[in-house]
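Input: a single structure, listed below in structure tokens.
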Amino acid sequence: MSALVKILLYFIASVALSLSVAPLVIKLMSKLKAKQTVLGYVKQHEYKSGTPTMGGFIFLLPTLVFSLVEFQRFSLVAIAVTFGFCVLGFLDDFIKIRYARNLGLKPYQKIIGQLGLSFAAGWFVYASKDIGAAINLPFTTYTLNMSWGIIPFVVLAYVATTNCVNLTDGLDGLAGYSSVAYFLWFAMLLYFVYDDAIKSGDGDYAKEILSLCVFCVSILGGLLGYLVFNGFPAKIMMGDTGSLALGAACATVAIFSKNPLLIVTSGIMYVVSGISVILQVLYYKLTKKRIFLMAPFHHHLEMKGYHESKIVTIYFVASMVGGALTLIFARAI
């Protein structure tokens with residue numbers, strides 16, 4: 001069986017598995033009263049309070065199952081890091097549900113967990129003969145050797161990406177569709193890297209990259225199944241259980257393929273979410289005025305009168321364009 005056929009079969013199986021488990025997860029979370037509590041100041045979302053949460057398990061299950069089938073170091077570590085962030089998000093969700101509030105883990109508790117998991121990933125990258133301290137520079141054939149500096153760089157990439165994805169998870173389907181575009185283009189890129197490794201005769205590296213590609217298409221397929229139930233109006237939300245894990249997965253496929261700088265283009269709408277919050281906070285502290293009606297940016301668009309579905313479409317289209325640029329930047333030379 002060719003690698004491409006195998007990848008496509010994993011993708012189809014992931015969609016099927018997520019579609020199968022989604023009703024069970026929704027029913028279980030409803031029975032356990034694991035329901036979303038909406039931030040008090042987001043008045044337009046008050047009707048969403050009580051929607052089942054922790055829906056991230058729907059797309060994480062196929063990712064776990066099919067990545068383990070490949071059983072390579074890249075896929076195993078990718079799963080370990082992703083589920084580490086999933087556990088962190090689960091604890092955050094559990095506290096919110098237990099005490100019926102929108103504040104879970106304290107900020108310092110969450111950041112300590114993120115730093116610890118990110119440091120472990122950074123150490124693996126630095127110690128790995130297949131990844132190492134060098135990163136690819138977009139639109140060139142050059143690499144930048146960061147030596148031991150790759151560890152704090154990886155930590156920064158993970159913390160920034162997970163928090164930006166978490167901020168993007170504010171509307172029905174928003175983080176999901178943005179991530180579909182992200183993993184679609186990275187899956188293509190990883191397949192090309194695999195093909196290059198095969199042509200160069202580096203079979204061991206090819207196996208590692210193929211396992212990372214399987215991880216990528218598994219989460220892609222899982223997301224598509226999840227979005228059937230998360231599109232407006234959502235029957236379930238991913239919660240921090242899903243969004244932190246999703247952010248970790250986004251960072252992982254980029255970093256392990258030596259393309260961390262491409263997170264900026266493929267995850268362009270994550271960047272928009274993060275920057276809009278940073279600018280809003282800094283500008284308000286300096287002037288006591290706001291740049292946006294509400295941050296992150298998708299809430300600003302809501303306040304301007306855009307419907308959720310319209311905003312999700314805008315984000316998806318922008319993410320698809322950013323993903324296409326990602327492939328161009330990585331393969332143009």
Any side-chain heavy-atom pair of D240 and K110 under 4.5 Å: yes

Point-to-point distance, once rounded to the nearest 0.5 Å, from CZ of F229 to CG of D172: 14.5 Å

E70 and K6, any side-chain heavy atoms less than 4.5 Å apart: yes

Any donor-acceptor N/O pair, Y226 side chain to G176 backbone, under 3.5 Å: no

Donor-acceptor contact present, side-chain S211 to main-chain E208, <3.5 Å: yes

Beyond-backbone contact of F232 with V312, side-chain heavy atoms, under 4.5 angstrom: no

CZ (F292) with more than 12 external heavy atoms under 6.0 Å: yes

Contact summary for I268 and G322, nearest pair of heavy atoms: CG2-CA, 4.4 Å

Point-to-point distance, once rounded to the nearest 0.5 Å, from CD of Q114 to CG of L244: 6.0 Å

Side-chain donor or acceptor of D169 paired with backbone N/O of A175 under 3.5 Å: no

Expected output: side-chain D130 to main-chain S128 donor-acceptor under 3.5 Å: no

Aromatic ring pairing Y205/F74, orientation class (parallel under 30°, perpendicular over 60°, tilted between): perpendicular

Polar side-chain atom of T287 near backbone of Y284 as donor-acceptor pair, under 3.5 Å: no

Residue of the set N259, T143, T141 for which side-chain hydrogen bond (donor to acceptor under 3.5 Å, both in side chains) holds with N136: N259

Atom pair NZ (K304) and NZ (K310), whose distance is rounded to the nearest 0.5 Å: 15.0 Å

Parallel, tilted or perpendicular, as decided by the 30° and 60° cut-offs, for the rings of F139 and F329: tilted

Shortest non-hydrogen separation from G247 to T162 and the atoms involved: C-CG2, 3.6 Å

Atom of C216, atom of A187 and distance for their closest heavy-atom approach: SG-N, 3.6 Å

Heavy-atom pair with the smallest gap, counting every atom of L220 and L184: CD2-CA, 4.0 Å

Ring geometry between F297 and H300 (parallel below 30°, tilted from 30 to 60°, perpendicular above 60°): parallel

Heavy-atom side-chain contact between L60 and C86 under 4.5 Å: yes

Salt bridge (Lys or Arg N to Asp or Glu O under 4.0 Å) against D196, all qualifying residues, sequence neighbours excluded: R331

Steps toward side-chain contact (heavy atoms from CB on, under 4.5 Å) verdict (L8, V217): CA-CA 8 Å; L8 292 174; V217 298; over 6 Å; no

Side chain to side chain, F124 and V81, heavy atoms closer than 4.5 Å: no

Heavy-atom donor-acceptor pair, N230 side chain to G173 backbone, under 3.5 Å: yes

Side chains of Y158 and T252, donor plus acceptor under 3.5 Å: yes

Minimum-distance pair of heavy atoms, taken over all atoms of G222 and S14: N-CB, 3.9 Å

Evaluation steps, side-chain contact (heavy atoms from CB on, under 4.5 Å), between M54 and L32: CA-CA 11 Å; M54 296 191 191; L32 294 175; over 6 Å; no

Residues which pass ring-ring contact (aromatic ring centres under 6.0 Å, His included) with Y10, listed by chain and number, not counting sequence neighbours: F66

Transitive ILVMFWY side-chain link I12 to M188, under 4.5 Å: yes

Cluster check I275, L167: I/L/V/M/F/W/Y, side chain < 4.5 angstrom: no

OG1-CD1 distance between T265 and I328, expressed to the nearest 0.5 angstrom: 10.0 Å

Single-linkage hydrophobic cluster Y142~I131, side-chain heavy atoms < 4.5 angstrom: yes

Under 3.5 Å side-chain donor-acceptor pair for S179 and Y270: yes

Parallel, tilted or perpendicular: rings of Y191 and Y194 (30°, 60°): tilted

T82 and T63: CA distance, side-chain angles, deciding distance, side-chain contact (heavy atoms from CB on, under 4.5 Å) verdict: CA-CA 10 Å; T82 298; T63 310; 5.7 Å; no

R290 and Y283: CA distance, side-chain angles, deciding distance, side-chain contact (heavy atoms from CB on, under 4.5 Å) verdict: CA-CA 7 Å; R290 293 178 173 82; Y283 191 74; 5.8 Å; no

T168 backbone acceptor or donor facing Y315 side chain under 3.5 Å: no

Non-hydrogen side-chain atoms of I7 and L210 separated by less than 4.5 Å: yes

Which atom of A295 lies closest to which atom of H299, heavy atoms considered: O-CD2, 4.1 Å

From CD1 (I111) to CG (L115), nearest 0.5 Å: 4.5 Å

Gap separating the CG atom of L246 from the CZ atom of F59, nearest 0.5 angstrom: 5.0 Å

Check: L28 and F57 side chains under 4.5 Å, non-hydrogen atoms: no

Test item: E302 side-chain N/O and E308 main-chain N/O as donor-acceptor pair under 3.5 Å: no

Path from L156 to I135 over hydrophobic side-chain contacts below 4.5 Å: no

Cluster check L286, V277: I/L/V/M/F/W/Y, side chain < 4.5 angstrom: no

Heavy-atom check, side chain of L262 versus side chain of W185, under 4.5 Å: no

By side chain to side chain contact (heavy atoms under 4.5 Å, CB included) - contacts of L64 (at least two apart): L68, I79, F83

